[in-house]
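To start, the structure itself, in structure tokens.
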Amino acid sequence: MADLRTKAHEADVTVWVGKAGIASVVDELDDQLGDRDVVKVKFLRASRGGTTTEELAEDLAEKANAEVFETRGNTAVYTR
């Protein structure tokens, strides 16, 4: 767990969710999780509409068959 927390902290954002929504990044998140332990996703203001980052993060996790490790601000960290 501590190792995963360190990886999450050191990871750079590699997926950005914008006005096209989460559907446009599901495959990219899935591919990246195949290559690494953690993937950091930034939810831009345009993607949030009337929802929270946590709600979007959970929805994306479900669609990409991943787990939300943590959310902080507008960023979520995913793992499998």
Side-chain angles (χ1 to χ4, degrees):
M1 184 74 152
D3 183 46
L4 198 56
R5 189 168 304 281
T6 300
K7 287 180 182 181
H9 177 73
E10 293 174 351
D12 291 326
V13 173
T14 56
V15 177
W16 289 264
V17 180
K19 63 183 175 186
I22 60 173
S24 64
V25 300
V26 170
D27 290 338
E28 181 62 28
L29 177 60
D30 186 44
D31 289 345
Q32 288 191 25
L33 283 170
D35 295 336
R36 54 186 85 139
D37 294 334
V38 296
V39 174
K40 201 177 272 189
V41 177
K42 175 89 170 198
F43 293 91
L44 303 176
R45 185 177 302 130
S47 71
R48 291 193 301 271
T51 61
T52 66
T53 299
E54 289 79 11
E55 290 171 330
L56 285 172
E58 288 296 333
D59 194 21
L60 179 56
E62 185 178 312
K63 291 180 180 190
N65 192 28
E67 292 180 33
V68 178
F69 179 70
E70 69 178 353
T71 58
R72 186 172 294 169
N74 298 320
T75 305
V77 178
Y78 293 88
T79 188
R80 280 216 169 108

Next item on the list: Any chance you could measure Glu10, atom CD, to Lys40, atom NZ, to the nearest 0.5 Å?
Entry: 9.5 Å
Note to self: Within this structure, what is the NE2-CZ distance for the pair His9 and Arg72, rounded to the nearest 0.5 Å?
What the structure shows: 8.0 Å
Next item on the list: Locate the shortest heavy-atom distance separating Ala11 from Val38; write the atom from each residue and the value.
Entry: CB-CG2, 4.2 Å
Check: Looking at Ala57 and Ala76, what are the two nearest heavy atoms and their distance?
Finding: CB-CB, 3.8 Å
Salt bridge (charged side-chain N to carboxylate O under 4.0 Å, His left out) pairs, two or more places apart, involving [range]:
{"range": "residues 41-50", "result": "none"}
{"range": "residues 13-39", "result": "Lys7-Asp37, Asp30-Arg80"}
{"range": "residues 59-69", "result": "Asp59-Lys63"}

Note to self: Running the 4.5 Å side-chain criterion over Ile, Leu, Val, Met, Phe, Trp and Tyr, what cluster does Trp16 land in, apart from itself?
What the structure shows: Val13, Leu44
Notebook entry, point to check: With a cutoff of under 4.5 Å between side-chain heavy atoms, which Ile, Leu, Val, Met, Phe, Trp and Tyr residues group with Val15?
Noted result: Val17, Ile22, Val25, Val26, Leu29, Leu33, Val39, Val41, Phe43, Leu56, Leu60, Val68, Tyr78
Check: Taking only residues two or more places apart in sequence, or in another chain, which ones meet Arg5 in a side chain to side chain contact (heavy atoms under 4.5 Å, CB included)?
Finding: Met1, Phe69, Glu70
